[in-house]
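Here's the structure, in structure tokens; my notes come after.
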Amino acid sequence: MTRAETSQTSEISETATLLVSRGVRKRYSGVQALRGVDFDVHAGEVHALVGENGAGKSTLIKIVSGAEAADAGTVDVGGRRLTPGDTNAALAAGIATVYQEPQLFGELTVAENIFLGRELRRGGRLIDWGAQRARVGALLERLGLDPVLADVRAADLPVAEQQLVSIAKAFAHDVRVLILDEPSAILTDQEVQTLFRVIDSVKAEGVGVIYISHRLDELVVVADRVTVLRDGEVVATRPARELTVRQTAELMTGHALEERRVSRDAPASDPVLEARGLGAAGSFHDVDLVLNRGEVVGLYGLVGSGVNEVARALYGIDPADTGTVTVGGRVRRLRGTRDAVRAGVAMLPANRKVQGVFASKSIGFNISIGHLRLLSRFGVAMDRRREKVVAADFLRRIAIKAPGVHSLVGTLSGGNQQKVVLARSLVERPDVLVLEEPTQGVDVGAKDEIHDIVLSLADQGSAVLVVSSDLAELQRLADRVLVMREGRPAGEFPRGASQADLLSAAAGGDDEEAPTSLDEARAAITEEVNQP
Amino acid sequence: SKKNDGLGGSSGGDGPKVAFVPKVQGIPYFEAMNKGGKQAAKDLGAQWIYKGPTTADPGAQTDIVKSLLQQRVDVLAVAPNDPDSMPPILRDAKDQGVHPMTSDTDAPNSTREVFVNQATPKGISKALTDTLMKETDGKGKYAIVSCGQTAENLNSWIKEQKKYTAEKYPDAKIVDIVYAGEDEAKAVSMAKDLMNAHPDLKGLVGECTTSAPGVAKAVREAGKTGKIATTGVGTPKSMKPYLEDGSSAGAVLWDVQALGYLTVWAGKQVSEGKPFKRTNRVSDKLPAVKYFPERKELLLGEPLRITKDNADDYDY
Amino acid sequence: MTPTTAGPGEPGDPATAADSGAPGDTGTPVDTGTPADTGAASWAATTGTAASRTATAPTVTANTPAPPVRSRPGPFDRLGRLAHSKRLGPLRLVEGQEAVLAALLVALWLVLGLSTDTFFAASNLQNILFTVAPVAIAGIGMTAVIVTAGIDVSVGGTLAVVGVVVARLVRDAGVGLIPAIAVAVVTGAALGLVNGLLVAYGRLHPIIVTFGTLNVFRFVALEIFDSKQISGVPGTLGLLGGGESGLSLGVPHAAVLALVLAAGAWTYMRYVPTGRHLYAVGGDAVAARLAGVRVERRQISVYVLVGLLVGLAACVRIGSGGLVGQDIGTGFELEVIAAVVIGGTSILGGRGSVVGTLLGALLVSTVTSAVTLLNWQNELTQLFIGVFIVAAVGADLLRERRRRSL
Amino acid sequence: MTTSTHGTPAEETGTGTGTGPEQGPGQGDLKDAPGRTSPGGRLRRALTLLLTERVVLLAALLVVLLVWMKVLDTGGYLLAPYDLPYLASALETMVPLCILGLAELLVMVSGRGGIDLSVGAMVSLTGMAFGYTVSEWGWSPLLAVPATLAAGALLGAVNGFLVARLGFPALIATLATYYAYSSISLVASGNRPVSTAPVRDLHSMTSRVSLPGLPDVPMQVFTFLLPCAVLVWLLVDRTTFGRKLYGVGTNDVAARFADVPVASVRLRAFTLSGLLSAVVAVVTVGQFASARPDAGTVGNGMALPAITIAVLGGVAITGGIGRVGGVVVAALLVAWLNAGILLAFEGSEGSRVQLLALGVLLVCSALLNSVTARRLGGLR
Ligand SMILES: Nc1ncnc2c1ncn2[C@@H]1O[C@H](COP(=O)(O)OP(=O)(O)OP(=O)(O)O)[C@@H](O)[C@H]1O
Ligand SMILES: Nc1ncnc2c1ncn2[C@@H]1O[C@H](COP(=O)(O)OP(=O)(O)OP(=O)(O)O)[C@@H](O)[C@H]1O
Ligand SMILES: [Mg+2]
Ligand SMILES: [Mg+2]
């Protein structure tokens, strides 16, 4: 249905076209991931690729970068056809890819990581450490990183910095086509801004950029053209200026967006969880926090503000050193997850892949693993019948798209994986639910569904704490937003507070920051989405 | 070719099937027994089966014994790696009408009908000690490089050596016993350790066929030939180079082929229900073989002292 | 504040990036001229002003430091400190586990030197060095294998095959030193190639492959032995053996060979690109492939390397001739793997160095020799080896844990 | 519409709301095999299962082995009949191998490079403990067996403590205890096996039992192997501990977030491995009527064969994957193959060919699974 549009746009300027892919098809066992995709990138443009989870975005770029071989179709760069499934051919053609997960090698230094596979050599054979370090220093600075990091083991870096380093890696070589697959998922706004500046600068050099993101607001700022994928097919390729966020979302999901405005009455003061003077050496201190029955509380802060640590402390993963936590009227010592679970606290961790899923196991396994006492007889023998009933029930209730409870979680799309992990934290209907980045890397459709689940849980009387770097998400979900800065509480805002308020509280109130382009884009989008 | 159509994979003509299970295949010692056994089977009219494991492991030996019982052999002779673990399976053999025997190493508490012994522990330890003491004038410190830590026969020889040395050579002393496994390289290195640990060491004994050449090699490599005397239980061919250059004063063994020969002969006797006499004439080459009814033991004779003069007489 | 950061700004602070968009900064403004600028009822319209879009970073070629920013300490300061505390000098020889092992060895040697008169005797040191050589030589290759997240438990089988082939050649065919070593190396490498191909193209877990080939190689060796042991092997390879001809200036050639090979491997794994790639393959083979590392080639090369080195180790083992028995190499795989893991190479891949392996091998043979020197009951040797493994690795774990909690 | 040639669109949207019949774990890759209900499809499915599932492949190989051996037998190519009594007696060898394979299963499934090199040394040491309690202290076996099992659990717990609590890599920890335990066993016994009358009487534990219509089967199959196999199967497949074990082995960070006590699960896996080693010690002492200080370490030792059996049975060294059925079938296959080879070759050739056969079996079965899994699809 949309072929016509696609071919129209692709004929705009063949001369400036860097990369052309035609009729790309790819089938994984049982899943047709791509069904004949035509896609191209011009020099000096940012071509955004959007679509729901599992639409085939990553598959397409894997084929372009040679990480996978297509079943059919071609990829040409600068008029030359690429050998399918050959990463080296793609690299040689100037395609640099930043994959969805940081692909760093912990034991190698940052500099080595950046030059891995294409080392600078001295005397033809040995690695030229000095030259590498010099080049890396400049690259790191450009991405807002300290050049000293060049000699640090990658394993010693936090994830966000690892992501930046893997972006730096893409810039290290002569790049003609730069592919960024959800680079921003784990970056803060500031880091995203830096990234955008760098993207702008390479664009100016004539590099073509493929940009994948679920944060549609970013596209407003960065994209020149947008291609929407749905179920492995291109449904539209249009200049970014011709598309509104709302239209994009509707193209992605294939149906009109419903009215989504949350209006909740602020719940009555009925504390379920009360934390007083909570502190942990090196990460946060003097944190007071009250969660009321039926309330959704947002917790917002920049990198290093300690919000994630507070969340983890409430779940007993990294226990607090000082302070008291009262849950359900009793003072609790949360020394481990066991204590937290006993007290009725559940948690959805931020990093789905590492902290959330058991990829090679079934959906049923993934849900029941957190509730073995409940789903067993005397805590010893598994009650397999009930286990199945519970899993099947969740499959239906929160609309996990999978053939059955025996499907392996690793074969599901990101959004559905996230729903499985969320299901695990909901099974015993916790009194307190702590959510860390609940919709990171999740498409708009699934995101709405997850938001609905969270709100309905609150309506049923649970207290929810949402730690999120997505301000729009906090605005929609939270009855109150607590902001932290440098390990300390830095303000509390009721529902309806503007993003600028939250951001300035988080970034430091002393000198007012000008709102960034991203902030402005967001504010505008929120307006737009809320007024159909 | 078809295998169960008569001969059953054995060599020799008709007559009783005599099977022998060595501790391990592929070492010259047991291969020499195999040779003697084959010869005997031909001479005496028996079928000879020789089947051994690839490692000196009681479990693997048991599996082989089971497959031989399945083959319905008439006589089953075993050189057990672990004497204590053989009785159960030998009892099974007896229950199935097979005549169990032991050869080379005994399983004392078993139902075996006869033990074909090569030499007594006393005889072996006496020969070893005397060979060494002749070189050291009956005095000085010496050490033993043994092999498997739990090898029953080696341990009994060592016990006798200690006793005999204390009685006969009061000025001599065993200062250390180390275990190198069946590994010649390790025996060499441990022997060197012993020489370093005891600068006044006068002699070394290699208790088995891998450590006997091992200790000699260590002495040769350390340049101590003539200063430290060695001996051990070794096969002629492997000892020959060391006997020739004097790094070994002589080895102690017995005629292994004759032992194989005797095993077949004894097997034929028991399968035909013939009793042993006090002294038996087996063949022209073998000396008169003594039988001890109280121990149900056939004794090949005195141990053989191998020197550079007679080493060439044997091809193993 | 990070002392090394030049310029007025604090490039490490992410806030820099946010602020640099403000008008009047010193960055080089570039008009991106993107279509978005002209949009009306479009994203550009909702984005606000064009000014915010054009506020961009320096151009690609300009290495100018980022513009000035406010001086609030940002999270990257902490990172800066982290950087200084954890910088890896590319030239540092020992680190982590290796340092612990070296300290433990020196302590052990001092104690042994003081409590016995003979530990530092030339003959004792020679013996230790010679005994450790085959394990060290094979261990060098094994380190490379384990760094790629592989393992080779077939080295005992390889040693047996090479041992019997070479022993028969020098005894029965009277082959000379150089051809014998060449045959050993080629045979070992060929067997390694079998492992390498199965691992790289069969995509089997190395432990499955090498458990399988261990058995097959042993079978092959036994068939070549042909129910005999090889006795009377001449000292053709004596140059590498434990006798007089294997010594120069009192140092065993085998140990020198091990040291030279280790130095070569160390240089390769540290300074040569393909050597560094071994760490990447072990860290994450898929990611390495995406980065352009030829994963299959690297995998094959390490198994060939270990086979080749086991071939050399076999030459050392049978060096001064004599007897080559059928159980040659039994348990060799465990000795070699022990040396490598005691030396701090991670069995999960991606971390390790041959220096640690040499020290690990040295520790085991020092302990073995010490028990005899001290005239302790010989059966205790293995107990002490076990205890020292726990001590060496435990000390490193403790150190690592303290480092993390700092 | 698409121009797809790959079946109907409904099939292609694999992650759609399928309502097909429930499938067992590990069969997820079959969910979209076309023509699920047609007879041809069923055949294809069976074939896929055979080629991608190790347990099924091994079971098929077992059948092939038995048929082939029977053919050789009737054709007169064997030295002796390959019959039921012989197969039954071969179970004696299979029992310790299988139980230790199960021990390795538990440890390997627990992940992070889990492996237990010390099982053989634990067999030696607990076997000596068993021998001493029975012979020197005169304990009744009713008391001595539980005491031995407790000793085994303790030795295993030492491994578990080093690995799970102190963070030693399993390979290093169990290598160290392998050395230590085998040394202690030799030193404590003065290198002497214990084979006194009370120990010899223990052989009755492993005598044969007659079954109507069947050959005599070694008693330890019923008294030790079956209980162990069933208990381990129940443990890993039907209990909460099993769930935790597979969870920890699959992703220990996620397990921690799911409130699974990771360290304690690993500790228990190693403890159970020690316990099973002690069971093998009891069986071995009974079978050989003597307690040997090197029972589990002599020759190649018991650890490498046990790991080989586990690996052949489809246990993944990377953790989280492995089934009891696979280990049991692998042990049966190896035991009966070895027994058959001894009848097929004259002289000592048979024991050499056993090595070749095991090696080829290991590599080829894994290769077949790996290649077909890539062809036919699967998670990896
Ligand atoms: N290795 C694989 N094996 C089997 N199926 C796969 C594999 N990789 C991707 N798929 C399937 O192919 C489809 C497209 O996946 P892809 O990763 O391209 O989606 P995506 O658009 O990048 O989603 P997300 O936004 O979640 O990253 C999905 O249904 C996914 O489950
Ligand atoms: N041990 C450390 N040494 C130095 N710097 C550290 C250390 N630990 C953390 N940091 C820095 O502080 C930051 C803390 O990040 P953390 O995730 O703990 O905070 P956060 O507010 O929860 O951030 P986010 O919400 O983005 O995840 C890291 O990104 C890193 O830059
Ligand atoms: Mg993706
Ligand atoms: Mg945060």
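In the text below, chain A, chain B and the rest are named by the order of the sequence lines, each starting its count at 1.
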Looking at [X], I'd like to know if its [atom1] atom is crowded, meaning that more than 12 non-hydrogen atoms belonging to other residues, nucleotides or ligands lie closer than 6.0 Å.
X	atom1	result
B:Arg72	CZ	no
B:Lys173	NZ	no
B:Lys162	NZ	no

For this session: Heavy atoms only: give me the nearest B:Gly59-D:Phe288 pair and the separation to one decimal.
Result: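 Shortest heavy-atom separation between B:Gly59 and D:Phe288 comes out as CA-CZ, 4.0 Å.
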Problem set entry | Contact summary for D:Thr93 and B:Lys66, nearest pair of heavy atoms |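 In terms of heavy atoms, the two residues are closest at OG1-NZ, 3.5 Å.
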Check whether [X] gets within reach of chain D through its side chain, its backbone, both or neither, counting any heavy atom under 4.5 Å.
X	result
B:Ile89	neither
B:Asn34	neither
B:Pro88	both
B:Asn155	side chain

With only heavy atoms counted, which part of [X] is less than 4.5 Å from chain B, the side chain, the backbone, both or neither?
X	value
D:Arg352	both
D:Leu342	both
D:Ala289	both

Problem set entry | Options B:Val24, B:Thr54, B:Leu68, ranked by heavy-atom pairs under 4.5 Å with chain D, top entry |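 Heavy-atom pair counts peak at B:Thr54.
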For this session: Give the member of B:Gly148, B:Ser67, B:Ala19, B:Ala60 that has the highest number of heavy-atom pairs under 4.5 Å with chain D.
Result: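 The candidate making the most pairs under 4.5 Å is B:Ser67.
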Exercise. Any donor and acceptor pair, going by atom type alone, linking the side chain of D:Ser348 with main-chain N or O of B:Gly52 inside 3.5 Å?
Worked result: yes
Exercise. Roughly how far, to the nearest 0.5 Å, is the CG atom of B:Asp63 from the CD1 atom of D:Ile341?
Worked result: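 The CG atom of B:Asp63 is 11.5 Å from CD1 of D:Ile341, to the nearest 0.5 Å.
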Exercise. Just wondering, do B:Lys51 and D:Leu79 contact through their side chains at under 4.5 Å, heavy atoms?
Worked result: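 Yes, side chains in contact.
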Exercise. Quick one: does B:Gln70's side chain get under 4.5 Å of D:Asp83's, heavy atoms only?
Worked result: yes
